[in-house]
Visitor: 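I have a structure here, written as structure tokens, and I will follow up with some questions on it.
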2 protein chains.
Amino acid sequence: MNIGEAAKASGVSAKLIRYYESIGLIPEAGRTGSGYRVYGPNEVNVLRFIKRARTLGFGIERIQTLLGLWQDRDRASAEVKRVALEHVAELEAKIAELTAMSDTLRHLADCCHGDDRPECPILRDLAEAEGVGPPCRHG
Amino acid sequence: MNIGEAAKASGVSAKLIRYYESIGLIPEAGRTGSGYRVYGPNEVNVLRFIKRARTLGFGIERIQTLLGLWQDRDRASAEVKRVALEHVAELEAKIAELTAMSDTLRHLADCCHGDDRPECPILRDLAEAEGVGPPCRHG
DNA sequence: GCTTGACCTTCCAATCACTGGAACCCTCAT
DNA sequence: ATGAGGGTTCCAGTGATTGGAAGGTCAAGC
């Protein structure tokens with residue numbers, strides 16, 4: 001299996017596979033006489049694992065850890081759970097942050113007439129930011 | 001006012017003020033004879049506007065647009081609202097993405113015993129990903 | 001006047017996980 | 001032999017910062 005076939009089989013682009021190798025996330029692949037990288041089913045499984053972990057938002061460093069645990073027959077599931085919950089906590093923090101932004105802006109947009117006139121609570125908020133200003137019927 | 005004072009007054013770091021100037025988000029500041037940047041209250045207000053907009057998660061490009069609208073006395077509030085709602089849509093899309101990750105992982109973690117044993121639904125999911133596997137009492 | 005320390009200046013590098021492109025080599029079919 | 005479609009390396013850019021190095025400037029104290 002060359003890199004293109006491994007890419008198709010794993011869903012990870014050839015470019016990304018080379019990148020993962022370059023940063024040491026995966027070991028260096030074997031090579032043919034002419035320098036082509038060679039992959040087998042095990043390597044493809046590792047790539048699939050990585051892809052799935054990325055889909056769940058794990059960073060590369062944590063994926064390193066998870067790969068290590070995956071390949072450790074004597075791991076404690078508690079360890080895996082801890083890593084996962086750390087990540088969940090970060091996701092939830094980010095969600096809270098984005099939700100606060102979204103709610104604030106949604107409210108300001110609701111208060112904005114959205115017509116030809118220049119008066120706009122959104123710009124007023126950005127310009128002043130302190131105090132809530134005059135109330136609006138959506139508040 | 002030099003850049004440090006403008007930074008204190010606006011809440012935007014000196015480093016960032018220079019960066020904003022370098023990318024053309026703000027116009028080039030005036031200079032003293034010895035090359036120090038000089039700022040007045042107007043510039044500080046612009047910086048505060050930018051800071052508030054960044055707090056709401058707007059990207060630099062959209063902030064450019066918002067600054068233009070802010071300084072246009074003949075703007076239509078509809079235009080501002082449109083820009084804001086575009087951003088809200090992006091925020092909500094991101095929130096949905098992160099929430100899906102978080103929910104999936106939270107569920108997997110709930111199914112994980114988290115003890116000394118190696119068996120772990122989180123790793124099982126990452127390794128297999130297809131099919132939900134055996135049910136767990138948290139599902 | 002000289003030193004000290006806090007400020008200012010520019011430029012370069014790193015972050016994170018990729019992605020794109022250039023320039024060149026290999027393989028296979030026609 | 002040629003062309004298409006792989007592969008290879010290396011370099012650069014993404015967004016919005018932050019950090020640091022190397023050097024110029026300012027105000028105060030001695």
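Within every chain, numbering begins at 1; the chains are lettered A, B, ... in the order of the sequence lines, protein sequences first and strands thereafter. Atoms considered below: every heavy atom in the structure, side chains included; atoms not considered: hydrogens, waters and symmetry mates.
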Visitor: Between B/Gly59 and A/Gly4, name the one whose nearest nucleotide on DNA chain D is closer to the 5' end.
Guide: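 The 5'-side residue here is A/Gly4.
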
Visitor: Grab the CZ-C1' distance between B/Arg31 and C/dC7 for me, whole Å please.
Guide: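 So the two atoms are 15 Å apart, to the nearest Å.
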
Visitor: Less than 4.0 angstrom between a side-chain N/O of A/Arg37 and OP1 or OP2 of D/dT9, yes or no?
Guide: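 A/Arg37 to D/dT9 OP1/OP2: side-chain N or O found under 4.0 Å.
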
Visitor: Figure out the CD/C1' separation between A/Glu28 and D/dT8, and round it to whole Å.
Guide: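 Interatomic distance, CD of A/Glu28 to C1' of D/dT8: 14 Å.
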
Visitor: Is the shortest distance from a Lys or Arg side-chain nitrogen in A/Glu128 or B/Arg52 to a carboxylate oxygen in the other one below 4.0 Å?
Guide: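 Answer for the salt bridge query: no.
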
Visitor: How would you label the contact of B/Ile3 with the nucleic acid (heavy atoms, under 4.0 Å): base, sugar-phosphate, or nothing?
Guide: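 Answer is sugar-phosphate: B/Ile3 comes under 4.0 Å of backbone atoms only.
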
Visitor: Under the criterion side chain to side chain contact (heavy atoms under 4.5 Å, CB included), I'd like the reasoning laid out for A/Glu92 against B/Arg106: C-alpha separation, chi angles, the key distance, then a yes or no.
Guide: CA-CA 10 Å; A/Glu92 287 175 351; B/Arg106 177 69 82 182; 3.0 Å; yes

Visitor: Measuring from the side chain of A/Tyr19 (C-beta onward, heavy atoms only), which nucleotide among C/dC8, D/dT18, C/dA17 has the closest atom?
Guide: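 Nearest listed nucleotide: C/dA17.
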
Visitor: Looking at B/Glu97 and B/Lys94, does any basic side-chain N land under 4.0 Å from a carboxylate oxygen?
Guide: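 Between B/Lys94 and B/Glu97 there is a salt bridge, with a charged N closer than 4.0 Å to a carboxylate O.
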
Visitor: Bend angle of the helix from C/dG1-D/dC30 to C/dT30-D/dA1 from five-pair axes at both ends, rounded to 10°?
Guide: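 The angle, to the nearest 10 degrees, is 40°.
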
Visitor: Is any side-chain nitrogen or oxygen of A/Arg54 closer than 4.0 Å to OP1 or OP2 of C/dC18?
Guide: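 Checking A/Arg54 against C/dC18: at least one side-chain N or O falls below 4.0 Å of OP1 or OP2.
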
Visitor: Mind calculating the distance between CD1 (B/Ile50) and P (D/dT17) to the nearest angstrom?
Guide: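 Spelled out: CD1 on B/Ile50 to P on D/dT17 is 10 Å.
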
Visitor: Please determine whether salt bridge (charged side-chain N to carboxylate O under 4.0 Å, His left out) holds for the pair B/Arg62 and B/Glu90, giving the CA-CA distance in whole Å, both sets of side-chain angles, and the decisive distance to 0.1 Å.
Guide: CA-CA 12 Å; B/Arg62 267 199 194 107; B/Glu90 287 175 16; 2.8 Å; yes

Visitor: Round to the nearest Å and state the distance from B/Leu16 atom CG to C/dT15 atom C1'.
Guide: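 Going from B/Leu16 (CG) to C/dT15 (C1'), I get 15 Å.
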
Visitor: Hey, is the main chain of B/Ser10 close enough, under 3.5 Å, to the side chain of B/Arg48 for a donor-acceptor pair?
Guide: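 Between the backbone of B/Ser10 and the side chain of B/Arg48 there is no qualifying donor-acceptor contact (under 3.5 Å).
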
Visitor: If I take atom CD in residue A/Glu61 and atom C1' in nucleotide C/dC16, what distance separates them, rounded to the nearest angstrom?
Guide: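 Taking atom C1' of C/dC16 as the reference, CD of A/Glu61 is at 11 Å.
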
Visitor: Rounded to whole angstroms, how far apart are CG on A/Leu56 and P on C/dA17?
Guide: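 A/Leu56 atom CG is separated from C/dA17 atom P by 14 Å.
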
Visitor: Check whether any side-chain heavy atom of B/Cys111 sits under 4.5 Å from a side-chain heavy atom of B/His113, and report yes or no.
Guide: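 B/Cys111 does not reach B/His113 side chain to side chain.
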
Visitor: Under a 4.0 Å threshold between the charged nitrogen and the carboxylate oxygen, would B/Glu79 count as salt-bridged to B/Arg82?
Guide: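 Result for this pair is yes, salt bridge flagged.
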
Visitor: Rounded to the Å, how far apart are B/Ile63 CD1 and D/dA16 P?
Guide: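 About 8 Å, once rounded to whole Å.
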
Visitor: Base, sugar-phosphate, or nothing: which does B/Arg18 touch, judged by heavy atoms less than 4.0 Å apart?
Guide: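 Answer is base: heavy atoms of B/Arg18 come under 4.0 Å of a base.
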
Visitor: Test side chain to side chain contact (heavy atoms under 4.5 Å, CB included) on B/Phe49 and A/Leu123; report intermediate values, then the result.
Guide: CA-CA 9 Å; B/Phe49 183 102; A/Leu123 289 181; 3.9 Å; yes

Visitor: Show your reasoning for whether side chain to side chain contact (heavy atoms under 4.5 Å, CB included) applies to A/Arg54 and A/Ile60.
Guide: CA-CA 8 Å; A/Arg54 287 291 302 132; A/Ile60 296 291; 4.2 Å; yes

Visitor: Grab the CZ-C1' distance between B/Phe58 and D/dG15 for me, whole Å please.
Guide: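 It works out to 17 Å between those atoms.
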
Visitor: What is the per-nucleotide protein-contact pattern of nucleotides 22-30 of chain C, from the 5' end, where B denotes a base atom under 4.0 Å from a protein heavy atom, S denotes such proximity for sugar-phosphate atoms only, and - denotes neither?
Guide: ----BS---

Visitor: Which part of the nucleic acid, if any, lies within reach of B/Tyr20 when heavy atoms closer than 4.0 Å are counted: base, sugar-phosphate only, or nothing?
Guide: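 Contact class for B/Tyr20: sugar-phosphate only.
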
Visitor: Applying side chain to side chain contact (heavy atoms under 4.5 Å, CB included) to A/Leu56 and B/Asp125, what does each step give before you reach the verdict?
Guide: CA-CA 11 Å; A/Leu56 290 176; B/Asp125 179 280; 4.3 Å; yes

